[in-house]
Structures are given as C-alpha cells and as structure tokens.
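Written below as structure tokens is the structure these notes are about.
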Amino acid sequence: MHSIDVSHHRAAELGPASPASLWRNRNFMRMWAAQAVSLIGSSVTLVSLPIIAAAYLGATPQQMGLLAAAGTAPGLLLRLPTAGWADARPNRIPVMVACNVVSGLLVASIPLLWSFGVLRFASLLVIALAMSAVSTVGGVFAAPVLPEIVAGDQLVDANGKFGTTRSIAEVSGRSLAGVLIHVVSAPLAVLIDAASFLVAAVLTQAVRVPPARRASAEGSATLRGLAAGVASLLGSSSLRAGVGAAAYLSFANGLVSALLVLYMVETLALSEALVGPILGVGAVGGILGSLLVNTVHRRLGPGSTLTFAAAVLTLAFAGLPFGRPGPLGILVCFTYELLGSFGAMLLVITVFSEVPRRVPPSTIARSMAVMSLIPEGSSMLGALAGGALGAALGIRSALGASFAFVLLADAALALLLLSSRRRRAARDGGSP
C-alpha cells in the first residue's frame, strides 16, 4: 500500500489564469514530463542499488539495512528546514535544476567508481545519502511551484496526473531495471537514471513562473518561521481533519506493513512466488486512484472525498485478521493491497491539493513539508508498534488491532469533518 511527500485563499487567488485544460499548460507539461522521466530513471536505481551492494560488494544484512535507511533518513531530517529556505526564495526553478544536475552526477559516479575498481560499500552508502538529500531539496522546492503554474481548481487534476506517473514509473522502471541489469549489469544500468536527471534538468529549466505568482517570505528558515508554517497548516479546520486522517491511517498502515510479508508466508502459508505479485497489485490500485481522484473530488468535494477514502481503507484492513491458508488468504491480501493503495491515493492527493488552497502562498513549502513529515513519522511509529504487538500478541491479533485503530481513525475523521461543517454553517449563517 502507498505510504500516506490562517488565511483562507480562494482558488482564483492562488493559481494563474491557466488554460481550461492542463494539456494546454506548457509549463505544467514541462514539469510533468521532467517528473516522469526522472521517476522512471530513479526506479531503475532503486532496484539496482541493493543488487550492487549485495551481489557486487558483498554487503552484510546490517549494511543492507543501512542502505535502505539512507533512502529515507535525509528526508526526515532535511525536509522542514529546506522548506523554510524554499519559502524564502522568490524563484525556485534554478535550485530544482541544480538538484537534477547534481543527482545525475551522483548517480553517474557509481559506474565510474565501479569501472575503476574502487567502488566500496562505504562510498555507495555516502552516494545514496547524498542522492536522498538532494532529492529531498528538489522535491521541497517543487512543492510551491505547482500552484504557481496551475490554477487552484486544477490542483487535484495536476496532482492526480503526478500520482499516475509515479505509479506507472514504479512498474515500468522496475521492469526496465530487470532488463538492463541482465544486459549490461547493475552498475551500468544506473546510467539511465543519470541521463534521466539531465533530461529533467533541461525540461525544468524551461518552466516559466510568472513573476506576479512568485511568493516568498523573509525569515521563513528561522525557528519562528518554521513554527509559522506548522501553524499555517493546522490553522484550517479542514486541513486538520486531513492531517489527522493521514496520521492515523499511516500509523495503521505502518503497523501492517511491518508484519504483512511474515503474515503471508508463515500464517497464511503462501508461497514466496505469490508474495511479489500480490504486493505488486498495490501499483494498480494507486494508478486507479490517481486516475479517478479528480472525478471523485469534483462530485463529492474534499471533505466527502476524505470520508470515502477512509471507508475504502477500512474495507482494505477489515479482512486481514480473518485470512486463512488458501484462496481466502490470497483474497484478503490482494484486497488490502488493491483497495489500500486506491484509498491512500485518494486521501493523499486530496489533502496535498487542499494545502495550497488553504494556506498563504508564502508558507506553502513549509506547510507541505509538515504534511509530508506527519504521515512518514506516523508510519515509522506504526511499524515499530507492529513489531512489538506482533511479538506480544501474535501476528493475527496485531492485524486485528490495526483494524480497530482504523475504525477509531474513521470516527475521529467523521467528528472533525462534522465539527468543521457546523462551524462553517454557523459562520455563513451569521454573516450579513
């Protein structure tokens, strides 16, 4: 399943007067193309790096764990401080271009060191950490650019297209990685990623942000400025509901993710050959969610879309405690991955699309950074809790606890949305 990256401004005040269709928005198309090319290349590297470490460098299990952590730790540490820096800059495109170029050079250094016979695990780990750090900076700087080139009422559609690209890239990039690793070896396969970053740099350089749309805030990188970004996000009752839902559901998802493979292999006695295809179904759910989110959002509105997404996620979790070896076990795991990824994509895109519409333009990067950190931290805590509960209660009971937690999350979300609607109705009723 996918992990769950104040003043109230109207959509017209946030976005430029862009064409009726995003297909005619050249700046969006350039940014979208840059993301697509880069994601496919990065998917190749994501598969190749652990293979290089294990097969070419003889990495130990502990070293493999360090390599995996290198992909997430810099993001957790750098995202919020970088967001303060991003909010302080009126023109963020040059930093995004620089990040693509530096990322390309870092990836290209892997086959270069390997060809000279000097690639070691320590150097691979340093490169992985640097790549993750640079990727974090580039992603944070990109967050406030999207609402500068896309109208507010098109943000859901734009984020849906980005989500579709991300899910497709996960599938196509991994398939491409398999072919390249077979044909040219893992160290050379990552050259496709280096080339993709350079192409992305050229496409990003061509993105033009109207000067009138550029928003910056002095002092945003200070502790007070970072606190203001948090307050900006939580100052909206509707965003508080979305943040709460993302946090609760990410915790439950982390709990399950820590135990799912063990549950499939040991409790349900599924063959190892079935584990990969079942987990891969999540990409299909994510693609469907990103394709349909704009339609669902238009018909239901953001609040009801969140409620619908939470209901889908509840169904995803509901069957896990009742799985048994055989077809029922396959069905509950299949349902968890498919519905879970679908519901998570609806929820994530809806919340992230609402942030630029609900916070001041000068705090978008900080607010988006906080919005990314909360589910990531919740998922990590959920994984730790899942391991502890699995050891103390057994895997099936721990999965039952995750379902109970999801039900509590649904109740909390319903109360938050109901309270928000009542306050809005009272405010509208009391206005002249």
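Residue numbers count from 1 along this sequence. Quantities reported herein were computed from a predicted structural model and do not represent experimental measurements.
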ask   = Hey, what do you get for CG (Leu22) to CH2 (Trp32), rounding to the nearest 0.5 Å?
value = 8.5 Å

task = Output yes when a side-chain donor or acceptor of Ser372 lies under 3.5 Å from a complementary backbone atom of Met368, and no otherwise.
result = yes

ask   = Under 3.5 Å, is there a donor-acceptor pair between the Ser196 and Asp193 side chains?
value = yes

key: Minimum heavy-atom distance between Asn25 and Ile149, given as atom pair plus value   = ND2-O, 2.8 Å

task = Mind checking the CD1-CD spacing from Ile349 to Glu354? Nearest 0.5 Å is all I need.
result = 13.0 Å

key: Considering all heavy atoms, the nearest Gly323-Val332 contact   = CA-CG2, 3.9 Å

query = Are any non-hydrogen side-chain atoms of Leu313 and Phe342 less than 4.5 angstrom apart?
reply = no

ask   = Is Thr350 close to Val156 at the side-chain level, that is, under 4.5 Å between some pair of heavy atoms?
value = no

ask   = Hey, does the side chain of Ser38 reach the backbone of Ala34 with a donor-acceptor pair shorter than 3.5 angstrom?
value = no

request  = Start with the C-alpha distance between Ile127 and Leu113, add both sets of side-chain angles, then the distance that settles side-chain contact (heavy atoms from CB on, under 4.5 Å), and finish with yes or no.
outcome  = CA-CA 11 Å; Ile127 292 170; Leu113 293 174; 4.0 Å; yes

ask   = So, for Thr335 and Leu315, which heavy atoms are closest and what is the spacing to 0.1 Å?
value = CG2-O, 4.4 Å

message = Are Ser185 and Tyr56 packed together at the side-chain level, in the sense that at least one heavy-atom pair is separated by less than 4.5 angstrom?
response = yes

key: Asn294 vs Arg298 side-chain heavy atoms within contact, under 4.5 Å   = yes

task = Answer yes or no: is there a donor N or O on one side and an acceptor on the other, between the side chain of Arg396 and the main chain of Pro321, under 3.5 Å?
result = yes

task = First locate atom CG of Leu259, then atom OG1 of Thr267, and finally report the distance between them rounded to the nearest 0.5 Å.
result = 9.0 Å

ask   = Hey, are the side chains of Ser397 and Leu389 touching, using non-hydrogen atoms and a 4.5 Å cut-off?
value = no

Shortest non-hydrogen contact between Ala398 and Leu255, atoms and distance = O-CD2, 3.4 Å

message = Could you check whether any side-chain N or O of Ser43 sits under 3.5 Å from a backbone N or O of Ala169, counting only pairs where one atom can act as donor and the other as acceptor?
response = yes

remark   = Scanning both residues in full, the closest heavy-atom pair of Gly160 with Val293 reads CA-CG1, 4.0 Å

Centroid-centroid distance, Phe28 to Trp23, less than 6.0 Å = no

note = In this structure, CG of Leu260 is separated from CG of Leu320 (nearest 0.5 Å) by 7.0 Å

inquiry  = With a 3.5 Å distance limit and no angle check, can you tell me whether Asn253 reaches the backbone of Leu249 through a side-chain donor-acceptor pair?
reply    = no

remark   = Nearest heavy-atom approach of Leu328 to Phe322 is CD2-O, 3.5 Å

ask   = Within the distance-only criterion (no hydrogens, no angle test), does the side chain of Arg324 pair as donor or acceptor with the backbone N or O of Leu268 below 3.5 angstrom?
value = no

ask   = Does the side-chain contact (heavy atoms from CB on, under 4.5 Å) test come out yes or no for Glu148 and Asn27, once each step is laid out?
value = CA-CA 10 Å; Glu148 290 176 337; Asn27 287 315; over 6 Å; no

inquiry  = Any side-chain to backbone donor/acceptor pair from Ser123 onto Leu119? Under 3.5 Å, distance only.
reply    = no

task = Flag the pair Leu408 / Tyr248 as yes when at least one side-chain heavy-atom distance between them is below 4.5 Å, and no otherwise.
result = no

request  = Find out whether Ser42 and Phe197 are in side-chain contact, i.e. whether some heavy atom of one side chain is under 4.5 Å from a heavy atom of the other.
outcome  = yes

ask   = Rounded to the nearest 0.5 Å, how far apart are CG of Leu129 and CG of Leu125?
value = 4.5 Å

query = Any side-chain heavy-atom pair from Lys161 and Asp157 closer than 4.5 angstrom?
reply = yes

ask   = Any side-chain donor-acceptor pair under 3.5 Å between Ser378 and Ser250?
value = no

inquiry  = Nearest 0.5 Å, please: how far is CE in Met31 from OG1 in Thr204?
reply    = 7.5 Å

ask   = Do the side chain of Ser341 and the main chain of Gly286 share a donor and acceptor less than 3.5 angstrom apart?
value = no

request  = Would you please classify the geometry between the Tyr336 ring and the Phe317 ring as parallel, tilted or perpendicular, with 30° and 60° separating the classes?
outcome  = perpendicular

task = Determine yes or no for a side-chain-to-main-chain donor-acceptor pair under 3.5 angstrom, with Thr305 supplying the side chain and Gly301 the backbone.
result = yes

task = Output yes when a side-chain donor or acceptor of Ser109 lies under 3.5 Å from a complementary backbone atom of Leu106, and no otherwise.
result = yes

